[in-house]
Amino acid sequence: MDFSVKKLASGAGVFFSRAVQFTQENLGQAEKTELDAHFENLLTRADNTKNWTEKILHQTEVLLQPSPSARVEEFLYEKLDRKAPSRVTTAELLGQYMTEAANDFGSSTPYGQTLMKVGETQKHLGTAERDFIHSSAINFLTPLRNFLEGDWKTISKERRILQNRRLDLDACKARLKKAKAAEAKATLWSDEVDKAEHELRVAQTEFDRQAEVTRLLLEAISSTHVNHLRCLHEFAEAQATYFAQSYQYMVDLQKQLGSSRAELFPVGNTDPASQPLSTSTPPATLPVLQVASSNPGEATLNPVEVALPVSGTRKARALYDYEAADSTELALSADELITVYSLPGMDPDWLVGERGNKKGKVPVTYLELLS
């Protein structure tokens, strides 16, 4: 019982001594042992590594999982040491909805077929995203967390011990200084000075030992940087693979949609049922395709004498407003009727539109072709 009381009293005395020393240092009333410049640089680099690692980790988590509630849920599962349930990506969910809609509308209809194709592509994109998230979590996020929750906690602990050893050392220096001053005034026996010197030697030894331990840990930050560099390369490679897969999926989808659109909106359709009501035969040659310039003195853009249209002229209704990008295009207003036809070698996504004495290219997707 007496031993425990003495131990508590000794601990309280040490804590009080450190508190007094710390307060006096902040008030400029006590001297402070300074660390060498190299040690200070190591401390600064360690603090910067910790701060930037936290920011990079957090922002990568936001990139991989934008939903804050989902991130909180994953954090709780991790702390409970339980595996988080598999989460469907937004692209996979969108693909599922599109597929279900296609089945509901009829997968044999043009709209249903397109929904099915786009939906399958969205599922592929979701799978690629899931693989990217999984790879990044293992090869990038986990090493960063391990550093913050493992190595950095060890470094912080040893730095706190070093700070206490430094306070003890400076407190011993202050006591020795007071003892020598008292001895000079013959108010203190010499054995008190000897005791203060002994305490100072012990404190100096403990401080030097702890400083060396802390220094070794701080210098190991270089190895941490090397490890994080390797992880960063793996993250970049996983991201590049994800984007490359996504790009290929979209290229394949565009090809599928392009062939479907050619079937749905044939430019050179000669089926009698699809011919325009007007049976007038177009002239052997058409006038020069020109668009009047807003400036009278400005020449028309690329006048070209064109041959017979590939398809007969047809009426079309504009589905939306369209603003011409340049003088070769024809602006449209929603619901207006224009005459359209195609030319040899023309992009199938475009038609030549006529309205009065104005001509220009118009995008097929903005038109409803009338029979």
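Shown here are the side chain to side chain contact (heavy atoms under 4.5 Å, CB included) partners of E40, two or more places apart in sequence or in another chain: L35, L43. F105 pairs by the ring-ring contact (aromatic ring centres under 6.0 Å, His included) definition with Y111, not counting sequence neighbours. Applying the side chain to side chain contact (heavy atoms under 4.5 Å, CB included) test to S222 and every residue at least two apart in sequence or in another chain returns R45. In this structure F39 satisfies the ring-ring contact (aromatic ring centres under 6.0 Å, His included) test with no other residue, sequence neighbours excluded. Take R209 and apply the side-chain hydrogen bond (donor to acceptor under 3.5 Å, both in side chains) test, not counting sequence neighbours, and it matches no residue. Partners of Y322 under the ring-ring contact (aromatic ring centres under 6.0 Å, His included) rule, at least two apart in sequence or in another chain, are Y366.
In the hydrophobic clustering, where aliphatic and aromatic side chains (Ile, Leu, Val, Met, Phe, Trp, Tyr) are joined below 4.5 Å either directly or transitively, W52 stands alone. Grouping Ile, Leu, Val, Met, Phe, Trp and Tyr by side-chain contacts under 4.5 Å, direct or through others, leaves M116 on its own. Clustering of Ile, Leu, Val, Met, Phe, Trp and Tyr by side-chain heavy atoms under 4.5 Å joins L229 with none of the others. Apart from V226 itself, the hydrophobic cluster it occupies contains nothing, where clustering links Ile, Leu, Val, Met, Phe, Trp and Tyr at side-chain heavy-atom distances under 4.5 Å.
In this structure the side chain of L367 reaches within 4.5 angstrom of the side chain of L351, judged on heavy atoms. Contact check for L337 versus L370: side-chain heavy atoms found under the 4.5 Å cut-off. The closest side-chain heavy-atom distance from V62 to Q59 is below 4.5 Å. Counting heavy atoms from C-beta outward, I338 and L332 have side chains that approach closer than 4.5 Å. At least one side-chain heavy atom of E197 sits under 4.5 Å from a side-chain heavy atom of K180. By the 4.5 Å heavy-atom criterion applied to side chains, T99 and L115 are not counted as neighbours.
Atom-to-atom distance recorded for C172:SG and F207:CZ is 12.5 Å, nearest 0.5 angstrom. For the atom pair Q254 CD and T121 OG1, the distance stands at 10.0 Å (nearest 0.5 Å). Taking CD from E336 and CG from L319, the interatomic distance works out to 11.5 Å, rounded to the nearest 0.5 Å. Within the model, atoms CZ of R317 and CG of D335 stand 6.5 Å from one another, a figure rounded to the nearest 0.5 Å. Going from atom CG of L162 over to atom NZ of K157 covers 14.0 Å, rounded to the nearest 0.5 Å.
In this structure, N51 contributes its side chain and D47 its backbone to a donor-acceptor pair below 3.5 Å. When atom types are taken as modelled, the side chain of T89 and the backbone of R130 share no donor-acceptor pair closer than 3.5 angstrom. No donor-acceptor pair closer than 3.5 Å links the side chain of S135 to the backbone N or O of D131. E329 contributes a side-chain N or O that, together with a main-chain N or O of A325, makes up a donor-acceptor pair within less than 3.5 Å. Side-chain atoms of Q210 never come within 3.5 Å of backbone atoms of R165 as a donor-acceptor pair (strictly under, hydrogens ignored). The backbone N or O of A211 sits nowhere less than 3.5 Å from a side-chain atom of T214 that would complete a donor-acceptor pair. Within the 3.5 Å criterion, the main-chain N or O of N103 finds no donor-acceptor partner in the side chain of S107.
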Extract all donor-acceptor atom pairs below 3.5 Å that involve side chains of residues 231-241 and protein atoms in other chains or at least two apart in sequence.
from	atom 1	to	atom 2	distance (Å)
E234	OE2	R230	NH1	3.3
T241	OG1	E237	O	2.9

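Salt-bridge formation is not detected for the pair K123/E92: no Lys NZ or Arg NE/NH1/NH2 atom is positioned less than 4.0 Å from an Asp or Glu carboxylate oxygen. Note on E354 versus K358: no salt bridge recorded, every NZ/NE/NH1/NH2 to OD/OE distance being 4.0 Å or above. Salt-bridge formation is detected for the pair R145/E61: a Lys NZ or Arg NE/NH1/NH2 atom is positioned less than 4.0 Å from an Asp or Glu carboxylate oxygen.
Among V364, L330, L369, the one residue that satisfies the side chain to side chain contact (heavy atoms under 4.5 Å, CB included) test with V340 is L369.
At a cut-off of 3.5 Å, with distance as the only test, a side-chain donor of T33 or D170 sits close to an acceptor on the other residue. Side chains of D252 and Q248: a donor on one and an acceptor on the other come within 3.5 Å. Q122 and Y249 are not linked by any side-chain donor-acceptor pair at a separation below 3.5 angstrom, with hydrogens and angles left out of the test.
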Q: Tell me, with the steps shown, if F140 and I56 meet side chain to side chain contact (heavy atoms under 4.5 Å, CB included).
A: CA-CA 10 Å; F140 190 59; I56 292 172; 4.0 Å; yes
Q: List the steps, then state whether side chain to side chain contact (heavy atoms under 4.5 Å, CB included) holds for L148 with T53.
A: CA-CA 8 Å; L148 293 173; T53 300; 4.0 Å; yes
Q.
Evaluate R215 against D36 for side chain to side chain contact (heavy atoms under 4.5 Å, CB included), listing each step before the verdict.
A. CA-CA 11 Å; R215 184 193 301 274; D36 61 75; 3.2 Å; yes
Q: Give the intermediate values and the outcome of side chain to side chain contact (heavy atoms under 4.5 Å, CB included) for residues I221 and I155.
A: CA-CA 10 Å; I221 289 291; I155 291 174; 3.9 Å; yes
**Q.** Verdict with reasoning, Q204 to D208, per side chain to side chain donor-acceptor pair (under 3.5 Å)
**A.** CA-CA 6 Å; Q204 185 69 58; D208 292 340; 3.0 Å; yes
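Listed by first then second residue, pairs satisfying ring-ring contact (aromatic ring centres under 6.0 Å, His included) with a partner in residues 209-231 read F147-H228, not counting sequence neighbours.
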